[in-house]
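Quick note: numbers below take in every heavy atom, side chains included, and nothing from hydrogens, waters or symmetry partners.
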Amino acid sequence: MNNKHQNRKVRKNRTGLFFWTAPVLLFCLTLAVFSFALLPYAQLAVSAASVYLVDSSKIVKTEKAEEGEYPSFGSEFGTIRIDKAGIYFPVFQGDSLDNLNKGVCHFYGSKMPGEGGTVVLSAHRTTHFSNLGVLQAGDTVNVDTTWGSYVYGVTGMEIIDPANESYLDDVGEEQLVLLTCYPFNFIGSAPQRYLVKCRLISGPAKQWFNTTEGGVS
């Protein structure tokens, strides 16, 4: 009799333990699944916040290019304005992470406005180039520099793989390429690139002589 009573007590304790632990385990499992699912969103939030929440103790004062001098790496040498897309930002020399957090960047291996080749400007799809997708053929892009103002007309858009750098090729005339990651609403590291290609409409010709910064001699 005592054994039966003891066995019932053990079974009752086990049942009670199950009813206590099952919800806890289910909660932990649900929390783990949600944490995994929300991880890309958290990464995107951190990436976007890093653009605006900058440690003031680590800020390097932006250098502005002097008129008539080839812009040194990291210096601000102009602005880009695209009225249709609500884009009006400073342009920096070199597409480093620090520069991309501050504005639109000139790809260091491409030509400068006025040099007659391919000019590449890039920016984040989550910040400065977030509205780039609204542009259509015929829209205009204004780039003001320390050596002159340039107007470009949009000729077309293209989606490419990151390894495809054919947009840097010389096309025999001056063109402006606006570059960002794609898709625009992708969570995490976007797998493709979005290009807006433009032709030069107006602006002064400019050749750089005796420079060590990569200018044309």
Side-chain angles (χ1 to χ4, degrees), residues 44 47-48 51-52 62 64-65 71 75-96 99-187 189-207 216:
L44 179 62
S47 177
V51 175
Y52 301 103
T62 298
K64 293 208 173 186
S75 65
E76 178 186 341
F77 66 88
T79 57
I80 180 172
R81 190 183 85 247
I82 311 175
D83 294 333
K84 183 177 181 179
I87 292 174
Y88 185 74
F89 296 111
V91 180
F92 297 90
Q93 174 67 301
D95 53 351
S96 66
N99 287 342
L100 285 168
N101 284 342
K102 294 187 290 186
V104 177
C105 299
H106 171 253
F107 176 60
Y108 207 50
S110 68
K111 299 294 186 180
M112 279 290 190
E115 287 192 304
T118 298
V119 183
V120 179
L121 299 181
S122 62
H124 286 310
R125 65 186 168 92
T126 54
T127 53
H128 305 99
F129 272 178
S130 60
N131 290 332
L132 203 62
V134 306
L135 296 183
Q136 297 177 330
D139 292 334
T140 57
V141 177
N142 296 273
V143 180
D144 295 321
T145 71
T146 57
W147 57 91
S149 296
Y150 298 83
V151 179
Y152 298 88
V154 176
T155 58
M157 289 67 65
E158 188 176 351
I159 298 170
I160 63 172
D161 291 328
N164 183 354
E165 295 185 343
S166 59
Y167 58 86
L168 290 170
D169 295 343
D170 186 3
V171 294
E173 61 181 0
E174 181 158 333
Q175 70 166 345
L176 171 67
V177 175
L178 305 178
L179 173 68
T180 193
C181 295
Y182 185 85
F184 290 99
N185 59 352
F186 191 85
I187 303 301
S189 181
Q192 295 173 301
R193 301 293 179 264
Y194 188 83
L195 306 181
V196 175
K197 293 186 176 182
C198 316
R199 65 177 182 85
L200 179 64
I201 295 176
S202 65
K206 176 67 176 177
Q207 295 292 319
V216 176

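Put simply, CG on Asp83 and CG on Asn142 are 6.5 Å apart, with the number rounded to the nearest 0.5 Å. The structure places CG of Leu200 at 4.5 Å from CD of Glu174, a figure rounded to the nearest 0.5 Å. Rounded to the nearest 0.5 Å, atoms OG1 (Thr180) and CD (Gln192) are 12.5 Å apart.
Taking both residues in full, the closest heavy atoms of Val91 and His106 are given as CG1-N, 4.4 Å, listed atom of the first, atom of the second, then distance.
Tyr167 is not listed as a side-chain neighbour of Gln175, based on a closest heavy-atom distance of 4.5 Å or more. Put simply, the side chain of Val177 reaches to within 4.5 Å of the side chain of Thr118, judged on heavy atoms. Inter-residue side-chain proximity for Trp147 and Pro113 is flagged as met; some heavy-atom pair is nearer than 4.5 Å. Side-chain atoms of His128 and Phe89, non-hydrogen and from C-beta on, do get closer than 4.5 Å to each other. Side chains of Phe184 and Leu132 form a contact here, defined as non-hydrogen atoms less than 4.5 Å apart. Within the 4.5 Å cutoff, no side-chain heavy atoms of Ile160 are placed close to those of Tyr194.
Residues passing the side chain to side chain donor-acceptor pair (under 3.5 Å) test with Ser122, sequence neighbours excluded: none.
Within the 3.5 Å criterion, the main-chain N or O of Gln93 finds a donor-acceptor partner in the side chain of Asn99.
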